[in-house]
Protein chains: 2
Amino acid sequence: MNSKTHNHLDIGSILSEKGISRTNFRTKLVNYFYSSNKSLSVDDILKYFNNSINKVTVYRSLVSFENNGLIHKVPDTNNLMRYSLCRKEECSPISHNHNHGHFICYSCNQTFCLEGVKYPEIISMKGFYVKEFKLTAEGYCKECYKN
Amino acid sequence: MNSKTHNHLDIGSILSEKGISRTNFRTKLVNYFYSSNKSLSVDDILKYFNNSINKVTVYRSLVSFENNGLIHKVPDTNNLMRYSLCRKEECSPISHNHNHGHFICYSCNQTFCLEGVKYPEIISMKGFYVKEFKLTAEGYCKECYKN
DNA sequence: ATAAAAAACGCAACCAAGTTGCATTTATTT
DNA sequence: AAATAAATGCAACTTGGTTGCGTTTTTTAT
Ligand SMILES: [Mn+2]
Ligand SMILES: [Mn+2]
Ligand SMILES: [Zn+2]
Ligand SMILES: [Zn+2]
(Lines give C-alpha, C1' and ligand atoms only; values in the text may rest on other atoms or scores of the structure.)
(Ligands and ions follow the chains in the order given, each with its own letter.)
Protein backbone atom coordinates (compact mmCIF):
# COMPACT_ATOMS: atom_id res chain seq x y z
CA MET A 1 0.00 0.00 0.00
CA ASN A 2 1.74 3.16 -1.17
CA SER A 3 1.42 6.60 0.33
CA LYS A 4 -1.39 7.64 -2.02
CA THR A 5 -3.65 4.74 -1.05
CA HIS A 6 -6.08 5.25 1.79
CA ASN A 7 -8.15 2.62 3.60
CA HIS A 8 -11.48 3.37 5.25
CA LEU A 9 -10.01 4.54 8.52
CA ASP A 10 -7.60 6.90 6.79
CA ILE A 11 -10.35 8.52 4.80
CA GLY A 12 -12.57 8.96 7.81
CA SER A 13 -9.80 10.86 9.51
CA ILE A 14 -9.22 12.95 6.40
CA LEU A 15 -12.72 14.34 6.87
CA SER A 16 -12.07 15.13 10.51
CA GLU A 17 -8.68 16.62 9.80
CA LYS A 18 -10.15 18.96 7.21
CA GLY A 19 -12.96 19.97 9.53
CA ILE A 20 -15.72 18.22 7.60
CA SER A 21 -18.47 16.47 9.51
CA ARG A 22 -18.06 12.74 9.45
CA THR A 23 -21.49 11.68 8.34
CA ASN A 24 -22.45 8.40 6.77
CA PHE A 25 -22.92 9.87 3.33
CA ARG A 26 -19.84 12.09 3.33
CA THR A 27 -17.63 9.20 4.34
CA LYS A 28 -18.96 7.12 1.46
CA LEU A 29 -18.62 10.06 -0.90
CA VAL A 30 -14.99 10.76 -0.11
CA ASN A 31 -14.34 7.04 -0.50
CA TYR A 32 -15.94 7.17 -3.92
CA PHE A 33 -13.60 10.00 -4.90
CA TYR A 34 -10.52 8.12 -3.70
CA SER A 35 -11.50 4.81 -5.27
CA SER A 36 -12.60 6.10 -8.68
CA ASN A 37 -9.71 8.38 -9.63
CA LYS A 38 -12.03 10.24 -11.97
CA SER A 39 -13.62 13.61 -11.92
CA LEU A 40 -17.21 13.16 -10.79
CA SER A 41 -20.32 15.00 -11.82
CA VAL A 42 -23.34 15.36 -9.54
CA ASP A 43 -25.07 12.94 -11.85
CA ASP A 44 -22.28 10.38 -11.46
CA ILE A 45 -22.68 10.65 -7.71
CA LEU A 46 -26.47 10.33 -7.73
CA LYS A 47 -26.26 7.24 -9.90
CA TYR A 48 -23.54 5.73 -7.73
CA PHE A 49 -25.84 6.05 -4.73
CA ASN A 50 -28.86 4.83 -6.74
CA ASN A 51 -30.65 8.09 -6.11
CA SER A 52 -30.92 7.19 -2.44
CA ILE A 53 -29.43 10.56 -1.55
CA ASN A 54 -30.96 13.94 -2.22
CA LYS A 55 -29.23 16.07 -4.84
CA VAL A 56 -29.31 19.07 -2.51
CA THR A 57 -27.24 17.08 -0.06
CA VAL A 58 -24.79 16.22 -2.81
CA TYR A 59 -24.39 19.85 -3.83
CA ARG A 60 -23.94 20.97 -0.23
CA SER A 61 -21.41 18.26 0.48
CA LEU A 62 -19.42 19.26 -2.58
CA VAL A 63 -19.40 22.88 -1.48
CA SER A 64 -18.14 21.80 1.92
CA PHE A 65 -15.45 19.58 0.41
CA GLU A 66 -14.33 22.40 -1.83
CA ASN A 67 -14.27 24.99 0.95
CA ASN A 68 -12.09 22.67 2.99
CA GLY A 69 -9.53 22.02 0.29
CA LEU A 70 -10.49 18.42 -0.41
CA ILE A 71 -11.81 18.76 -3.97
CA HIS A 72 -11.86 21.37 -6.70
CA LYS A 73 -14.11 22.14 -9.62
CA VAL A 74 -13.27 20.90 -13.10
CA PRO A 75 -15.56 22.43 -15.69
CA ASP A 76 -15.95 20.38 -18.85
CA THR A 77 -16.49 21.77 -22.32
CA ASN A 78 -20.28 21.37 -22.08
CA ASN A 79 -20.68 23.78 -19.19
CA LEU A 80 -21.18 20.95 -16.76
CA MET A 81 -19.35 20.95 -13.44
CA ARG A 82 -17.21 18.05 -12.40
CA TYR A 83 -15.26 17.64 -9.18
CA SER A 84 -11.84 16.20 -8.61
CA LEU A 85 -9.67 15.44 -5.60
CA CYS A 86 -7.12 18.10 -4.73
CA ARG A 87 -3.49 17.26 -4.35
CA LYS A 88 -2.06 17.79 -0.93
CA GLU A 89 0.80 19.88 -2.22
CA GLU A 90 -1.51 22.44 -3.77
CA CYS A 91 -4.56 22.83 -1.59
CA SER A 92 -5.47 23.31 2.02
CA PRO A 93 -8.55 24.31 3.98
CA ILE A 94 -7.23 27.84 3.54
CA SER A 95 -6.73 28.16 -0.20
CA HIS A 96 -6.82 26.43 -3.55
CA ASN A 97 -3.99 26.79 -5.98
CA HIS A 98 -5.19 25.43 -9.28
CA ASN A 99 -3.52 27.63 -11.81
CA HIS A 100 -3.57 24.92 -14.41
CA GLY A 101 -5.97 23.34 -16.86
CA HIS A 102 -7.56 19.92 -16.94
CA PHE A 103 -7.89 17.18 -19.48
CA ILE A 104 -10.91 14.86 -19.32
CA CYS A 105 -11.00 11.59 -21.24
CA TYR A 106 -14.22 10.93 -23.16
CA SER A 107 -13.81 7.22 -22.69
CA CYS A 108 -12.58 6.57 -19.15
CA ASN A 109 -13.53 9.95 -17.63
CA GLN A 110 -10.21 10.20 -15.90
CA THR A 111 -9.11 13.74 -15.21
CA PHE A 112 -5.56 14.89 -15.67
CA CYS A 113 -4.19 18.11 -14.26
CA LEU A 114 -2.14 19.95 -16.86
CA GLU A 115 0.65 21.31 -14.75
CA GLY A 116 3.16 22.06 -17.47
CA VAL A 117 2.04 25.51 -18.47
CA LYS A 118 1.25 28.35 -16.15
CA TYR A 119 -1.48 30.12 -18.05
CA PRO A 120 -2.06 33.24 -15.94
CA GLU A 121 1.51 34.38 -16.57
CA ILE A 122 1.16 33.98 -20.28
CA ILE A 123 -1.96 36.06 -20.30
CA SER A 124 -0.85 38.78 -17.92
CA MET A 125 2.17 39.31 -20.16
CA LYS A 126 -0.20 40.62 -22.77
CA GLY A 127 -1.36 43.42 -20.51
CA PHE A 128 -4.54 41.95 -19.10
CA TYR A 129 -5.25 41.92 -15.41
CA VAL A 130 -6.51 38.37 -15.02
CA LYS A 131 -8.70 37.51 -12.05
CA GLU A 132 -10.03 34.11 -13.17
CA PHE A 133 -9.29 31.69 -15.89
CA LYS A 134 -9.99 28.18 -16.91
CA LEU A 135 -8.70 25.77 -19.47
CA THR A 136 -10.39 22.51 -20.24
CA ALA A 137 -9.42 20.00 -22.86
CA GLU A 138 -11.33 16.88 -23.77
CA GLY A 139 -10.52 13.92 -25.94
CA TYR A 140 -8.87 10.57 -25.41
CA CYS A 141 -6.06 9.78 -23.03
CA LYS A 142 -3.06 7.68 -24.05
CA GLU A 143 -4.52 4.44 -22.74
CA CYS A 144 -7.94 4.87 -24.32
CA TYR A 145 -6.54 6.12 -27.63
CA LYS A 146 -4.76 2.80 -28.12
CA ASN A 147 -8.06 0.91 -28.06
CA MET B 1 -14.34 54.68 -43.07
CA ASN B 2 -11.79 51.91 -42.80
CA SER B 3 -12.14 48.38 -44.10
CA LYS B 4 -13.50 47.04 -40.81
CA THR B 5 -16.40 49.48 -40.65
CA HIS B 6 -19.70 48.44 -42.18
CA ASN B 7 -22.74 50.56 -42.86
CA HIS B 8 -26.28 49.19 -42.97
CA LEU B 9 -26.14 48.13 -46.59
CA ASP B 10 -22.85 46.28 -46.10
CA ILE B 11 -24.19 44.35 -43.17
CA GLY B 12 -27.34 43.40 -44.97
CA SER B 13 -25.29 41.89 -47.73
CA ILE B 14 -23.11 40.07 -45.20
CA LEU B 15 -26.20 38.12 -44.20
CA SER B 16 -27.02 37.27 -47.78
CA GLU B 17 -23.43 36.37 -48.61
CA LYS B 18 -23.27 33.96 -45.72
CA GLY B 19 -26.58 32.41 -46.66
CA ILE B 20 -28.52 33.75 -43.69
CA SER B 21 -32.09 34.95 -44.21
CA ARG B 22 -32.31 38.70 -44.24
CA THR B 23 -35.08 39.22 -41.73
CA ASN B 24 -35.80 42.39 -39.86
CA PHE B 25 -34.55 41.05 -36.57
CA ARG B 26 -31.43 39.35 -37.93
CA THR B 27 -30.37 42.51 -39.69
CA LYS B 28 -30.67 44.47 -36.47
CA LEU B 29 -28.89 41.73 -34.56
CA VAL B 30 -25.87 41.60 -36.83
CA ASN B 31 -25.74 45.38 -36.64
CA TYR B 32 -25.69 45.16 -32.87
CA PHE B 33 -22.74 42.77 -33.05
CA TYR B 34 -20.81 45.07 -35.38
CA SER B 35 -21.56 48.23 -33.43
CA SER B 36 -20.89 46.93 -29.93
CA ASN B 37 -17.54 45.18 -30.38
CA LYS B 38 -18.29 43.07 -27.33
CA SER B 39 -19.21 39.50 -26.79
CA LEU B 40 -22.96 39.34 -26.28
CA SER B 41 -25.01 37.08 -24.07
CA VAL B 42 -28.61 36.16 -24.86
CA ASP B 43 -29.57 38.35 -21.96
CA ASP B 44 -27.66 41.31 -23.43
CA ILE B 45 -29.55 40.83 -26.67
CA LEU B 46 -32.98 40.53 -25.06
CA LYS B 47 -32.37 43.71 -23.07
CA TYR B 48 -31.10 45.54 -26.15
CA PHE B 49 -34.37 44.73 -27.92
CA ASN B 50 -36.41 45.54 -24.80
CA ASN B 51 -37.75 42.00 -24.68
CA SER B 52 -39.67 42.69 -27.88
CA ILE B 53 -38.17 39.57 -29.41
CA ASN B 54 -38.71 36.02 -28.26
CA LYS B 55 -35.75 34.31 -26.66
CA VAL B 56 -36.30 31.23 -28.83
CA THR B 57 -35.80 33.41 -31.87
CA VAL B 58 -32.60 34.77 -30.37
CA TYR B 59 -31.22 31.30 -29.72
CA ARG B 60 -32.14 30.09 -33.19
CA SER B 61 -30.63 33.14 -34.84
CA LEU B 62 -27.40 32.62 -32.94
CA VAL B 63 -27.25 28.99 -34.03
CA SER B 64 -27.74 30.10 -37.62
CA PHE B 65 -25.08 32.81 -37.34
CA GLU B 66 -22.67 30.29 -35.85
CA ASN B 67 -23.35 27.63 -38.47
CA ASN B 68 -22.65 30.16 -41.17
CA GLY B 69 -19.34 31.34 -39.79
CA LEU B 70 -20.49 34.76 -38.66
CA ILE B 71 -20.12 34.39 -34.89
CA HIS B 72 -18.60 31.92 -32.46
CA LYS B 73 -19.25 30.92 -28.90
CA VAL B 74 -17.23 32.42 -26.06
CA PRO B 75 -17.95 30.62 -22.81
CA ASP B 76 -17.26 32.69 -19.72
CA THR B 77 -16.02 31.34 -16.42
CA ASN B 78 -19.54 31.15 -14.98
CA ASN B 79 -20.80 28.59 -17.47
CA LEU B 80 -22.70 31.20 -19.39
CA MET B 81 -22.50 31.40 -23.16
CA ARG B 82 -21.51 34.55 -24.94
CA TYR B 83 -21.18 35.16 -28.67
CA SER B 84 -18.60 37.09 -30.59
CA LEU B 85 -18.06 38.07 -34.22
CA CYS B 86 -15.71 35.81 -36.16
CA ARG B 87 -12.79 37.24 -38.03
CA LYS B 88 -12.87 36.81 -41.74
CA GLU B 89 -9.43 35.27 -41.85
CA GLU B 90 -10.41 32.46 -39.52
CA CYS B 91 -13.97 31.46 -40.24
CA SER B 92 -16.23 30.66 -43.14
CA PRO B 93 -19.64 29.11 -43.63
CA ILE B 94 -17.72 25.87 -43.88
CA SER B 95 -15.60 25.80 -40.75
CA HIS B 96 -14.58 27.64 -37.63
CA ASN B 97 -10.97 27.86 -36.64
CA HIS B 98 -10.85 29.16 -33.11
CA ASN B 99 -7.89 27.38 -31.64
CA HIS B 100 -7.31 30.14 -29.16
CA GLY B 101 -8.70 31.36 -25.87
CA HIS B 102 -10.67 34.47 -25.00
CA PHE B 103 -10.39 37.22 -22.46
CA ILE B 104 -13.54 38.95 -21.22
CA CYS B 105 -13.40 42.22 -19.32
CA TYR B 106 -15.56 42.39 -16.20
CA SER B 107 -16.05 46.09 -16.67
CA CYS B 108 -16.57 46.80 -20.36
CA ASN B 109 -17.45 43.24 -21.45
CA GLN B 110 -15.21 43.49 -24.46
CA THR B 111 -13.89 40.19 -25.69
CA PHE B 112 -10.33 39.72 -26.80
CA CYS B 113 -9.14 36.74 -28.77
CA LEU B 114 -5.90 35.41 -27.37
CA GLU B 115 -4.08 34.46 -30.52
CA GLY B 116 -0.57 34.27 -29.17
CA VAL B 117 -0.53 30.75 -27.86
CA LYS B 118 -1.71 27.71 -29.73
CA TYR B 119 -3.03 25.56 -26.94
CA PRO B 120 -3.86 22.32 -28.73
CA GLU B 121 -0.22 21.81 -29.67
CA ILE B 122 0.92 22.30 -26.12
CA ILE B 123 -1.52 19.71 -24.93
CA SER B 124 -1.02 17.16 -27.67
CA MET B 125 2.70 17.24 -26.89
CA LYS B 126 1.87 15.62 -23.60
CA GLY B 127 0.38 12.60 -25.30
CA PHE B 128 -3.31 13.43 -25.18
CA TYR B 129 -5.49 13.19 -28.23
CA VAL B 130 -7.40 16.45 -27.92
CA LYS B 131 -10.78 16.80 -29.61
CA GLU B 132 -12.07 19.92 -27.89
CA PHE B 133 -10.67 22.53 -25.62
CA LYS B 134 -11.44 25.92 -24.27
CA LEU B 135 -9.62 28.62 -22.43
CA THR B 136 -11.35 31.57 -20.91
CA ALA B 137 -9.81 34.30 -18.85
CA GLU B 138 -11.67 37.08 -17.11
CA GLY B 139 -10.56 40.22 -15.36
CA TYR B 140 -9.89 43.78 -16.42
CA CYS B 141 -8.57 44.96 -19.74
CA LYS B 142 -5.84 47.60 -20.02
CA GLU B 143 -8.27 50.46 -20.47
CA CYS B 144 -10.57 49.50 -17.62
CA TYR B 145 -7.70 48.65 -15.27
CA LYS B 146 -6.49 52.26 -15.45
CA ASN B 147 -9.79 53.54 -14.05
C1' DA C 1 -45.15 39.70 -60.48
C1' DT C 2 -46.96 35.57 -58.52
C1' DA C 3 -47.24 31.16 -56.62
C1' DA C 4 -44.86 27.38 -54.31
C1' DA C 5 -41.37 26.02 -51.18
C1' DA C 6 -38.45 26.95 -47.43
C1' DA C 7 -37.11 29.17 -43.54
C1' DA C 8 -38.05 32.19 -39.49
C1' DC C 9 -41.03 33.43 -35.75
C1' DG C 10 -43.93 33.25 -31.42
C1' DC C 11 -46.06 30.71 -28.08
C1' DA C 12 -46.40 27.37 -24.64
C1' DA C 13 -44.61 23.77 -22.64
C1' DC C 14 -40.65 21.48 -21.27
C1' DC C 15 -35.83 20.16 -19.42
C1' DA C 16 -31.53 20.09 -16.74
C1' DA C 17 -28.46 22.13 -13.52
C1' DG C 18 -28.31 24.36 -9.61
C1' DT C 19 -30.30 27.19 -5.38
C1' DT C 20 -33.11 28.50 -1.20
C1' DG C 21 -36.02 28.19 3.06
C1' DC C 22 -37.46 25.57 6.60
C1' DA C 23 -38.45 21.66 9.52
C1' DT C 24 -36.25 17.28 11.07
C1' DT C 25 -32.42 14.31 11.94
C1' DT C 26 -27.64 13.41 12.97
C1' DA C 27 -22.99 14.84 14.62
C1' DT C 28 -20.08 17.44 17.63
C1' DT C 29 -19.08 19.95 21.74
C1' DT C 30 -19.58 20.72 26.73
C1' DA D 1 -26.36 13.23 28.70
C1' DA D 2 -27.75 17.80 27.36
C1' DA D 3 -26.95 21.67 24.60
C1' DT D 4 -25.35 23.29 20.36
C1' DA D 5 -24.13 23.11 15.70
C1' DA D 6 -24.23 21.10 11.39
C1' DA D 7 -26.23 17.94 7.86
C1' DT D 8 -30.23 16.16 5.53
C1' DG D 9 -34.74 15.89 2.93
C1' DC D 10 -38.47 17.95 0.89
C1' DA D 11 -40.76 21.18 -1.90
C1' DA D 12 -40.57 25.02 -4.29
C1' DC D 13 -37.99 28.05 -7.23
C1' DT D 14 -34.52 30.09 -10.66
C1' DT D 15 -31.77 30.34 -14.73
C1' DG D 16 -30.18 29.00 -19.21
C1' DG D 17 -31.54 26.59 -22.79
C1' DT D 18 -34.60 23.30 -25.94
C1' DT D 19 -38.67 21.28 -28.58
C1' DG D 20 -43.06 20.94 -31.21
C1' DC D 21 -46.23 23.13 -33.83
C1' DG D 22 -49.11 26.45 -36.11
C1' DT D 23 -48.54 31.11 -38.33
C1' DT D 24 -45.91 34.63 -40.73
C1' DT D 25 -42.14 36.16 -43.49
C1' DT D 26 -38.50 35.37 -46.76
C1' DT D 27 -36.60 33.06 -50.66
C1' DT D 28 -36.86 30.56 -55.02
C1' DA D 29 -38.82 29.13 -59.21
C1' DT D 30 -42.02 30.22 -62.75
MN1 LIG E 1 -6.31 20.10 -10.82
MN1 LIG F 1 -12.11 34.24 -31.08
ZN1 LIG G 1 -9.09 7.47 -21.03
ZN1 LIG H 1 -12.50 46.57 -20.19
Side-chain angles (χ1 to χ4, degrees), chain A residues 11-32 39-68 70-83 93 104 134 136, chain B residues 11-32 39-68 70-83 93 104 134 136:
Chain A
I11 291 174
S13 51
I14 284 173
L15 287 179
S16 309
E17 277 165 28
K18 299 249 178 189
I20 302 165
S21 278
R22 208 167 164 161
T23 67
N24 221 304
F25 169 63
R26 290 180 177 201
T27 306
K28 286 178 195 155
L29 179 57
V30 72
N31 259 290
Y32 180 29
S39 66
L40 303 177
S41 65
V42 169
D43 203 56
D44 289 338
I45 295 168
L46 289 172
K47 277 177 186 139
Y48 181 79
F49 288 96
N50 294 306
N51 291 292
S52 65
I53 198 81
N54 193 281
K55 69 171 176 171
V56 181
T57 303
V58 174
Y59 279 107
R60 292 201 269 230
S61 297
L62 292 170
V63 168
S64 161
F65 284 13
E66 193 190 5
N67 288 342
N68 291 292
L70 186 57
I71 62 171
H72 63 281
K73 287 181 179 169
V74 181
D76 73 9
T77 58
N78 300 314
N79 287 345
L80 196 128
M81 267 309 160
R82 307 186 67 85
Y83 300 85
I104 304 169
K134 71 177 174 199
T136 317
Chain B
I11 290 174
S13 51
I14 283 173
L15 287 179
S16 309
E17 279 165 27
K18 299 251 178 188
I20 302 164
S21 281
R22 209 167 161 162
T23 67
N24 219 304
F25 168 63
R26 289 178 179 204
T27 307
K28 286 179 196 154
L29 179 57
V30 72
N31 259 290
Y32 180 29
S39 66
L40 303 177
S41 65
V42 169
D43 202 56
D44 289 338
I45 295 168
L46 288 172
K47 276 176 187 141
Y48 181 78
F49 289 96
N50 293 306
N51 291 291
S52 65
I53 198 81
N54 193 282
K55 69 172 175 170
V56 180
T57 302
V58 174
Y59 279 107
R60 292 201 270 228
S61 298
L62 292 171
V63 168
S64 161
F65 284 14
E66 193 190 5
N67 288 342
N68 291 291
L70 187 57
I71 62 171
H72 62 280
K73 286 180 179 169
V74 181
D76 73 7
T77 57
N78 299 314
N79 286 346
L80 196 128
M81 268 309 161
R82 307 186 66 85
Y83 300 85
I104 304 170
K134 72 177 175 199
T136 317

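Keep in mind it's a predicted model, so treat the numbers as computed, not measured. Chain identifiers are assigned alphabetically (A, B, ...) following the order of the sequence lines, protein sequences preceding nucleic acid strands; residue numbering begins at 1 within each chain.
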Taking protein heavy atoms under 4.0 Å as touching, what does nucleotides 11-18 of chain C look like 5' to 3' if B marks base contact, S marks sugar-phosphate-only contact and - marks none?
BB----SB
If a protein heavy atom is under 4.0 Å from the base, mark B; if only from the sugar-phosphate, S; if neither, -; do that for nucleotides 22-30 of chain D going 5' to 3'.
----SS---
State, with a plain yes or no, whether a side-chain heavy atom of [X] is found less than 4.5 Å away from one of [Y].
X	Y	result
Pro75(B)	Leu80(B)	no
Arg26(B)	Phe65(B)	yes
Val58(B)	Phe25(B)	yes
Lys73(B)	Lys134(B)	no

Tell me whether the side-chain N/O atoms of Thr57(B) come closer than 4.0 Å to OP1 or OP2 in dG10(C).
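Affirmative; the distance criterion is met.
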Within this structure, what is the [atom1]-to-[atom2] distance between [X] and [N], rounded to whole angstrom?
X	N	atom1	atom2	result
Asp44(B)	dG16(D)	CG	P	11 Å
Ile53(A)	dT8(D)	CD1	P	6 Å
Arg82(B)	dG16(D)	CZ	P	11 Å
Phe49(B)	dA8(C)	CZ	C1'	15 Å
Arg26(A)	dG9(D)	CZ	P	11 Å
Asn68(A)	dA6(D)	CG	P	12 Å
Leu62(B)	dG16(D)	CG	P	14 Å
Lys18(A)	dA27(C)	NZ	P	22 Å

Rounded distance (nearest 0.5 Å) linking atom [atom1] of [X] with atom [atom2] of [Y]:
X	Y	atom1	atom2	answer
Leu40(A)	Leu29(A)	CG	CG	7.5 Å
Leu15(A)	Thr23(A)	CG	OG1	7.5 Å
Leu70(B)	Glu17(B)	CG	CD	10.5 Å

Identify the residue among Asp44(A), Asp43(A), Asp76(A) that makes a side chain to side chain donor-acceptor pair (under 3.5 Å) with Arg82(A).
Asp44(A)
The helix from dA1(C)-dT30(D) to dT30(C)-dA1(D): angle between terminal helix axes, five bp per end, to the nearest 10 degrees, reads 40°
Taking Ser61(B) for its side chain and Thr57(B) for its backbone only, find out whether a donor-acceptor pair lies under 3.5 Å.
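Checked: pair present.
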Please assess Arg22(A) against Ser13(A) for the test side-chain hydrogen bond (donor to acceptor under 3.5 Å, both in side chains), listing each intermediate value before the final yes or no.
CA-CA 8 Å; Arg22(A) 208 167 164 161; Ser13(A) 51; 5.8 Å; no
Describe, in one word, how the ring planes of Tyr48(A) and Tyr32(A) are oriented to each other, choosing from parallel (under 30°), tilted (30 to 60°) and perpendicular (over 60°).
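Ring orientation of Tyr48(A) relative to Tyr32(A): parallel.
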